[in-house]
Structures are given as structure tokens and as C-alpha cells.
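Single-structure report; data block below.
Note: hydrogens, waters and symmetry copies are ignored here, and every other heavy atom, side chains too, is used. Atoms within each ligand, like the ligands themselves, are counted from 1 in listed order.
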Amino acid sequence: MKVLVTGFDPFGGEKINPSFKAVKRLPDKIMDTEIVKMEIPTVFYKSIEILRSKMCEIQPDIVICVGQARGRAHISIERVAINIDDARIEDNEGNKPEDKPIFFDGENAYFSNLPIKEIVKGVKSIGIPAEISNTAGTFVCNHLLYGLMYYIHKDFKRTLGGFIHVPYLPEQVIDKKNMPSMSLENIVKALEKIIEISIRHYK
Ligand code: PCA
């Protein structure tokens, strides 16, 4: 069994992105299962293409993508991705699509097929705030989750996939007023728990 876990590079003027910082720190094996880690550029379409080619190469059983969510205090387990790009800021290659469908032949929305409620319970049980989120936004994170679930429906029917949004790290909010953050240690612990629950659910 193999789990692919991705994080994004920094974007929107930030110097770091907690998502890949945390993914990088994950162990190489969890419950005897290989964990493959990968950084994905915060760029529309390129992100999906890179993820898809990695999935073709390693044929993972579970894919968990992770991204930074400004303003959120909890680890959020995304329920759904919608077929729309509507960017508030430019991505890392200057693209700023507005009200554009991601795939013309795709559904309006796809649900994550991870056990999202079990995951929320499990993360809370280790003392870390977690919640279900019913929107991954309309920027590159929603875009990547949409692409992941689109390809799971088309070509990787046995694969479990989902998306986790994580808060800023404390060092990112030093000069931001009333902005929530979470320690890297807790984010890594939460991701380990999420992977463990997903592996157990798959088996
Ligand atoms: N967060 C952005 C894209 C990359 C990331 O880490 C988002 O929420 O769309």
C-alpha cells in the first residue's frame, strides 16, 4: 500500500507554506505503509498535471493534498471541491482566472471519499482542533482537490482522495492582527493521525 501526500509552495507574498513544511516532516512509513511526499506549485492546471503524473507513476492507494488556509484556526477536512476557478490573487505564474470552469466535462462538484467525520474525531482525540469544511475556496486548493477527484472518478476508481487545509504557523502571524495559527508540531501530528485513519479505513 502507498500513500501520496502533497503540500504547496509559498504564495501570496508569504515566505513559507506550512503545508509542505509539515508534509516534509512526516515519517517515511506509517503503519507499515509507504508515505510518498511531494511539493506542488501553487499554479492553476500545472498543479493538477503534476499530481496526475505522480499518481500514474506510483499508483497510490490514498492521496491526501494539504494546503494553507489563511484565517482558519482548525485543521479543516474538506468535504467538497467545485468546478470553478475564481482567483482573488495571482497564482505563482501570474494566472488569475475568474469564474472559469476547471474541466468542461466534469461534474459541478466532487466529494472527497476520505472518512471525513472519523478524521475530525480522531484529530480532536489527540487534542488538536479539527473541523469539517464545506468549502475549499475557489483558488488553487479547490482546483487541486477538484482535479484529484475528477481523475479518481475517471481513472483511479479504487483510490481514496481528499484535502486538508492547515492554519498559518505562528511565525507567519507575528505582524498580522487577530490571525489564528498552529504550531508545526501539531500540524504534523494531525497529518499523521489523518493518514493513519485513512489507511485503516482503506483496509
Ligand atoms: N493554499 C491556497 C493554494 C495553495 C495553498 O497552500 C488555497 O487555499 O487555495
Side-chain angles (χ1 to χ4, degrees), residues 4-26 37-52 54 63-103 106 109-112 114 116 119 123 129-151 161-173 176 179-184 186-188 190-191 194-195:
L4 174 60
V5 192
T6 74
F8 282 103
D9 64 354
F11 70 100
E14 294 293 329
K15 288 195 188 66
I16 54 176
N17 190 321
S19 63
F20 189 62
K21 265 197 144 202
V23 167
K24 246 191 330 201
R25 288 222 186 167
L26 289 169
K37 307 157 209 173
M38 180 185 170
E39 187 178 37
I40 290 199
T42 303
V43 177
F44 288 101
Y45 291 105
K46 193 185 252 187
S47 50
I48 295 179
E49 281 154 31
I50 288 175
L51 179 65
R52 180 176 152 73
K54 192 70 173 180
V63 182
I64 298 175
C65 300
V66 186
Q68 161 193 296
R70 176 191 165 86
R72 293 194 192 174
H74 289 57
I75 298 285
S76 22
I77 321 307
E78 298 297 343
R79 188 197 296 271
V80 60
I82 58 175
N83 193 8
I84 206 82
D85 287 334
D86 192 30
R88 178 178 55 85
I89 55 169
E90 288 184 351
D91 71 11
N92 284 348
E93 289 187 358
N95 307 296
K96 195 175 170 295
E98 283 179 30
D99 299 328
K100 293 243 160 55
I102 302 168
F103 286 121
Y110 291 106
F111 293 114
S112 163
L114 291 180
I116 57 170
I119 288 175
V123 175
E131 65 187 3
I132 300 228
S133 161
N134 292 313
T135 175
T138 52
F139 193 50
V140 182
C141 289
N142 171 75
H143 181 90
L144 184 64
L145 177 58
Y146 187 88
L148 168 62
M149 299 317 297
Y150 172 88
Y151 283 119
F163 197 98
I164 312 297
H165 262 124
V166 301
Y168 275 145
L169 294 178
E171 64 255 46
Q172 290 178 279
V173 304
K176 296 181 179 92
M179 185 62 81
S181 67
M182 187 180 280
S183 70
L184 185 58
N186 272 358
I187 297 176
V188 175
L191 293 180
I194 291 166
I195 293 166

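- Using the six-membered ring where Trp is involved, Phe11 and Phe139 have ring planes that are tilted, between 30° and 60° apart.
- Side-chain contact check for Asp91 and Thr42: no donor-acceptor pair (N or O, by modelled atom type) lies under 3.5 Å.
- Taking the six-membered ring where tryptophan is involved, the planes of Phe103 and Tyr150 are essentially parallel, since the angle between them stays under 30° and well short of 60°.
- At a threshold of 4.0 Å, the pair Glu78-Arg72 counts as salt-bridged, since one of the basic side-chain nitrogens sits closer than that to a carboxylate oxygen.
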Put together the list of close N/O pairs, under 3.5 Å, between ligand 1 and the protein, could you?
{"residue": "ligand 1", "atom": "1 (N)", "partner": "Gln68", "partner atom": "O", "Å": "3.0"}
{"residue": "ligand 1", "atom": "6 (O)", "partner": "Asn17", "partner atom": "ND2", "Å": "2.9"}
{"residue": "ligand 1", "atom": "6 (O)", "partner": "Gln68", "partner atom": "N", "Å": "2.8"}
{"residue": "ligand 1", "atom": "8 (O)", "partner": "Gln68", "partner atom": "O", "Å": "3.4"}
{"residue": "ligand 1", "atom": "8 (O)", "partner": "His165", "partner atom": "NE2", "Å": "2.9"}
{"residue": "ligand 1", "atom": "9 (O)", "partner": "Val140", "partner atom": "N", "Å": "3.4"}
{"residue": "ligand 1", "atom": "9 (O)", "partner": "Cys141", "partner atom": "N", "Å": "2.9"}

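- For the 3.5 Å distance criterion, the side chains of Glu14 and Gln172 qualify, holding a donor opposite an acceptor.
- Remark: Lys100 engages no residue in a salt bridge (charged side-chain N to carboxylate O under 4.0 Å, His left out) (not counting sequence neighbours).
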